[in-house]
Amino acid sequence: MIYLYICLVAFFAVVGVCEFCRGIVKLFTKSKDEKEIVLIEPICNKQEDAEYLLRSAAQRVKWMGKNGPNRVICLDCNMDEETKRLCSMVCSEYPFMEMYSKEEAFDRLNEICKK
């Protein structure tokens with residue numbers, strides 16, 4: 001039983017050290033200029049893993065914080081209605097995620113580049 005406790009303490013110690021190192025790296029690699037970083041996830045036709053792709057992109061944004069992307073664009077590449085409904089549901093759950101068609105995304109990216 002004592003070996004189980006030792007393994008648990010060692011595991012949490014390693015996780016704690018990793019989080020501490022991640023925090024230090026984020027502190028020293030902070031960007032000087034506040035540019036918007038956009039992550040684009042193209043979803044085509046009836047893509048079975050569309051929800052997985054969007055949720056993993058959202059977690060990437062949350063995990064990377066200020067050093068990574070701060071906006072996710074779900075790009076509609078001729079999605080079917082079911083996939084479009086699923087993607088709009090996922091996009092509504094995250095304030096930094098938006099769904100655009102190809103033309104709308106081009107206009108939005110032009111706006112971002114003009115900043």
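The first residue of the sequence shown is numbered 1, and numbering continues consecutively from there. As a basis for the values below, the full set of heavy atoms in this structure was taken, side chains included, without hydrogen atoms, waters or symmetry mates.
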- What's the spacing between L75 CG and F106 CZ if we round to 0.5 Å? 12.5 Å

- d(F12 CZ, C7 SG) to nearest 0.5 Å is 12.0 Å

- Query: Would a 4.5 Å heavy-atom cut-off, applied to side chains only, mark L39 and R71 as touching?
  - Reply: no

- Counterpart residues, ring-ring contact (aromatic ring centres under 6.0 Å, His included), relative to Y52 (two or more places apart): none

- Linked, directly or transitively: V15 and L8 (ILVMFWY side chains, under 4.5 Å): yes

- Ion pair check, R55 and E51, cut-off under 4.0 Å: yes

- Roughly how far apart are F96 CZ and I73 CD1, rounded to 0.5 Å? 13.0 Å

- Measure the shortest side-chain to side-chain distance between N45 and D80 over non-hydrogen atoms and say whether it is less than 4.5 angstrom. no

- Query: Among all residues two or more places apart in sequence or in another chain, which pass the side-chain hydrogen bond (donor to acceptor under 3.5 Å, both in side chains) test with R60?
  - Reply: none

- Message: I'd like to check M99 versus K84 (side-chain heavy atoms, cut-off strictly below 4.5 Å). Are they in contact?
- Response: yes

- Scanning both residues in full, the closest heavy-atom pair of D76 with S101 reads CB-CA, 4.0 Å

- Message: Return the SG to CE distance between C77 and M79, rounded to the nearest 0.5 Å.
- Response: 7.5 Å

- Message: One pair to check against side-chain contact (heavy atoms from CB on, under 4.5 Å): V25 and R22. What are the steps and the verdict?
- Response: CA-CA 5 Å; V25 167; R22 181 176 156 249; 5.8 Å; no

- Is there a side-chain contact between R108 and E98, using heavy atoms and a 4.5 Å cut-off? yes

- Which distance, rounded to the nearest 0.5 Å, do you find between the CD of Q59 and the CG of L54? 12.0 Å

- Message: Has E19 got a side-chain atom pairing as donor or acceptor with G16's backbone, closer than 3.5 angstrom?
- Response: no

- For A57 and E41, the nearest pair of non-hydrogen atoms, with its separation, is CB-CG, 3.9 Å

- Item | Least distance between heavy atoms, N78 atom then K102 atom | ND2-NZ, 4.3 Å

- Query: Given side chains that start at C-beta, do those of I43 and L53 come closer than 4.5 Å, heavy atoms only?
  - Reply: yes

- Item | Distance in Å, K62 NZ paired with Y94 OH, rounded so as to fall on 0.5 Å steps | 5.0 Å

